[in-house]
Engineer: 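There's a structure below that I have some questions on.
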Amino acid sequence: MIKREKIKELLAATAFNREVSVMGWVRTFRNNQFIALNDGSCMGNIQVVVNFNNTPEELLKRITTGAAISVKGTLIESLGKGQRVEVKASSIEILGDSDPERYPLQPKKHSLEFLREIAHLRFRTNTFNAIFKVRHALAFAVHQFYNERGFVYMHTPIITASDAEGAGEMFRVTTIDPENPPRTTEGKIDYNEDFFGRSTNLTVSGQLEGELAAMAFGQIYTFGPTFRAENSNTTRHLAEFWMIEPEVAFADLEDNMKLAEDMLKYLIRYALDNCGEELEFLNTRLLEEEKSKPQHERSELSLIDKLNFCLNNDFEHLTYTEAIAILKASKPNQKKQFKYLIDEWGADLQSEHERYLVEKHFKKPVILTDYPADIKSFYMRQNEPDDQGRKTVAAMDILFPGIGEIVGGSQREERLDRLTQRMRDLNIPEEELWWFLDTRRFGSAPHSGFGLGFERLVLFVTGMTNIRDVIAFPRFPRNAEF
RNA sequence: UCCCGAAUAGCUCAGCCGGUUAGAGCAUCUGACUGUUAAUCAGAGGGUCGCUGGUUCGAGCCCAGCUUCGGGAGCCA
């Protein structure tokens with residue numbers, strides 16, 4: 001029996017007139033003769049040539065779009081134009097039929113909206129083949145980047161009992177019978193009777209546990225699923241998404257920003273170096289897509305140019321206070337074109353402001369630092385008040401064109417008294433986070449970390465615009481299909 | 001959750017001022033052709049016009065509510 005060869009290898013083959021075996025799924029069957037066969041090993045198809053004169057009618061009828069077939073034949077230089085090699089079939093076996101009346105994928109362009117409804121089949125399109133190859137490459141590169149730098153990959157828990165982190169609404173994890181829950185004497189649901197003996201949730205972040213490990217290993221990262229039960233209906237939020245969270249001891253905000261920028265550039269370079277075919281395809285796809293848009297909405301750079309631009313330029317560093325000054329003096333603010341006008345220091349930046357800074361003013365990735373303490377989390381390190389007595393924290397957000405916030409991080413507050421004071425101010429119960437505070441009690445040290453939304457990175461690198469298209473089976477409000 | 005828009009054949013869409021039997025391209029099926037490249041040519045089948053109610057002699061079209069989808073905002077990664 002001949003060993004099955006992958007189409008990717010056959011398309012690159014130089015030795016002809018040899019017997020080969022290929023298996024794959026039919027993309028199209030033209031002229032009763034030419035099968036475009038794809039096995040997922042690459043985006044390209046191999047052409048299988050069938051001699052319909054000596055092939056039974058019943059077999060030819062079963063070579064339909066989507067069918068899985070096994071082909072044995074001779075690899076030859078193509079007799080026709082349009083492809084270099086083809087397989088002259090000597091025998092074809094149908095492995096799995098595909099009813100053409102019911103198979104939803106046609107050899108034509110489908111809308112992303114339609115493909116989202118058939119997410120179980122959309123992997124079979126070139127677009128999603130490319131997206132998920134890039135996603136794979138980026139995930140692999142994340143591990144390679146941190147491994148090369150001696151980071152330890154930590155698996156932080158997915159089920160957590162702490163609800164104090166404040167990153168968002170949480171999904172409850174329980175085995176309690178919702179029809180008949182155990183009650184306390186006051187009539188409330190008694191979580192002492194629950195599986196863990198307490199109320200538990202799906203994690204919204206591995207950061208707090210990551211800090212514990214960083215205070216022993218020095219440098220760690222997490223890369224796992226994260227859950228937010230926010231009723232977010234946008235092109236850049238998911239209820240279940242993957243997050244990368246490095247945490248580094250003895251590192252300040254500068255080190256943190258450097259790590260983040262190095263990582264993003266490393267990942268983008270890895271994709272460019274390893275997913276050339278896929279990015280070329282996505283680049284062309286995007287150009288086609290843009291043709292239907294009015295001139296002013298089209299992007300100035302193509303996808304690949306944009307990625308290279310990102311690699312070859314330093315990210316813009318900017319404090320919140322400097323950003324406010326730029327925004328205050330900006331044309332849209334002066335002409336009152338912003339929906340939310342900038343007048344006071346202390347207000348949170350709206351996405352229109354972030355977009356202005358990134359896409360109009362600097363036209364490159366921006367790292368915003370030193371936000372007002374009042375709009376940031378309790379664990380961020382408190383800076384000394386400025387000459388006007390304004391309080392800020394050592395936070396940094398990285399903003400990307402078209403995506404917005406892709407990284408959020410900070411130097412952590414390592415001083416126990418400052419941390420607990422802030423927790424009291426925000427009504428965060430200290431007793432629940434006793435283990436977290438222990439890091440500040442026993443050998444506390446400066447440390448920093450950040451979170452990178454993996455899907456947002458995949459969005460940027462693939463040039464896709466809806467986050468639901470860069471994760472296999474997106475989870476969002478009112479949708480958990482597949 | 002809020003604002004805006006959309007929902008008509010398997011897919012992408014047209015459907016005029018509310019008026020006879022709701023159309024096109026692609027896909028599918030049948031036949032022809034047989035070195036095609038989203039093959040081509042000829043023909044055929046395919047519709048509870050998202051759902052519920054209302055206005056009207058008459059509703060795909062107007063109104064209300066609901067559902068779902070898309071874009072934007074908020075929450076954030």
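Protein chains get the first letters and strands the later ones, always in sequence-line order, with residue 1 at the start of each. The figures that follow rest on heavy atoms only: side chains count, while hydrogens, waters and symmetry mates do not.
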Engineer: A/Glu352 near the nucleic acid: base, sugar-phosphate alone, or nothing, with a heavy-atom cut-off under 4.0 Å?
Structural biologist: nothing
Engineer: Does the side chain of A/Gln106 get closer than 4.0 angstrom to OP1 or OP2 of B/rA38 through an N or O atom?
Structural biologist: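 The answer is no; no side-chain N or O of A/Gln106 sits under 4.0 Å from OP1 or OP2.
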Engineer: By the definition side-chain contact (heavy atoms from CB on, under 4.5 Å), identify the one residue from A/Ile35, A/Ile7, A/Ile46 that meets it with A/Val87.
Structural biologist: A/Ile46
Engineer: Using purine N1 to pyrimidine N3 plus N6-O4 or O6-N4 for Watson-Crick, or N1-O2 and O6-N3 for G-U wobble, each under 3.5 Å, what pairs with B/rG25?
Structural biologist: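 Check on B/rG25: paired to B/rC11, both distances under 3.5 Å.
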Engineer: Would you please confirm or rule out a distance under 4.0 Å between OP1 or OP2 of B/rA38 and any side-chain N or O of A/Thr28?
Structural biologist: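 No, no such contact exists.
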Engineer: Would you say A/Arg102 places a side-chain N or O within less than 4.0 Å of OP1 or OP2 belonging to B/rU28?
Structural biologist: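 So the side-chain polar atoms of A/Arg102 never come under 4.0 Å of the phosphate oxygens OP1 or OP2 of B/rU28.
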Engineer: If I pick the C1' atom on B/rA59 and the same atom on B/rC49, what distance separates them, to the nearest angstrom?
Structural biologist: 11 Å
Engineer: With a cut-off of under 6.0 Å to the ring centre and 45° to the axis, is A/Lys306 in cation-pi contact with A/Phe460?
Structural biologist: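 Geometry flag: set, cation within 6.0 Å and 45°.
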Engineer: With respect to the phosphate group of B/rU68, does any side-chain polar atom (N or O) of A/Arg478 fall under 4.0 Å of OP1 or OP2?
Structural biologist: yes
Engineer: If you look at every strand shown and take non-hydrogen atoms under 4.0 Å, does A/Leu457 touch a base, only sugar-phosphate, or nothing?
Structural biologist: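 No contact.
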Engineer: Does B/rU36 have OP1 or OP2 under 4.0 Å away from a side-chain N or O of A/Arg30?
Structural biologist: no
Engineer: When you get a sec, tell me which of B/rA73, B/rG35, B/rU12 is the closest nucleotide to the side chain of A/Ser111?
Structural biologist: B/rU12
Engineer: Is A/Arg236 near enough to B/rA73 that one of its side-chain N or O atoms lies under 4.0 angstrom from OP1 or OP2?
Structural biologist: yes
Engineer: What is the nucleic acid contact for A/Leu79, judged by heavy atoms within less than 4.0 Å: base, sugar-phosphate only, or nothing?
Structural biologist: base
Engineer: Do the ring planes of A/Phe227 and A/Phe171 sit parallel (below 30°), tilted (30 to 60°) or perpendicular (above 60°)?
Structural biologist: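 Answer is perpendicular, since the angle exceeds 60°.
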Engineer: Is the shortest side-chain N/O distance from A/Ser351 to OP1 or OP2 of B/rA73 below 4.0 Å?
Structural biologist: yes
Engineer: Would you classify A/Asn53 as touching base, sugar-phosphate or nothing, given that sugar-phosphate means primed atoms plus P, OP1 and OP2, and contacts are heavy atoms under 4.0 Å?
Structural biologist: nothing
Engineer: Classify the angle between the aromatic ring planes of A/Phe132 and A/Phe123 as parallel (below 30°), tilted (30 to 60°) or perpendicular (above 60°).
Structural biologist: perpendicular
Engineer: Is the distance from OP1 or OP2 of B/rA32 to the nearest side-chain N or O of A/Asn32 less than 4.0 Å?
Structural biologist: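 Answer is no, no contact under 4.0 Å.
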Engineer: Does the structure show A/Phe34 stacking with B/rG35, if we require the centres to be closer than 5.5 Å and the planes to be within less than 30 degrees of parallel?
Structural biologist: no
Engineer: Identify the residue among A/Lys258, A/Lys364, A/Lys265 that makes a salt bridge (Lys or Arg N to Asp or Glu O under 4.0 Å) with A/Asp314.
Structural biologist: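 Going through A/Lys258, A/Lys364, A/Lys265 one by one, the salt bridge (Lys or Arg N to Asp or Glu O under 4.0 Å) with A/Asp314 is satisfied by A/Lys265 alone.
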Engineer: With a 3.5 Å limit on both atom pairs, tell me what B/rG70 is paired to, counting Watson-Crick and G-U wobble, or say none.
Structural biologist: B/rC4
Engineer: Using only side-chain N and O atoms of A/Asn31, determine if any of them is under 4.0 Å from OP1 or OP2 of B/rU36.
Structural biologist: no
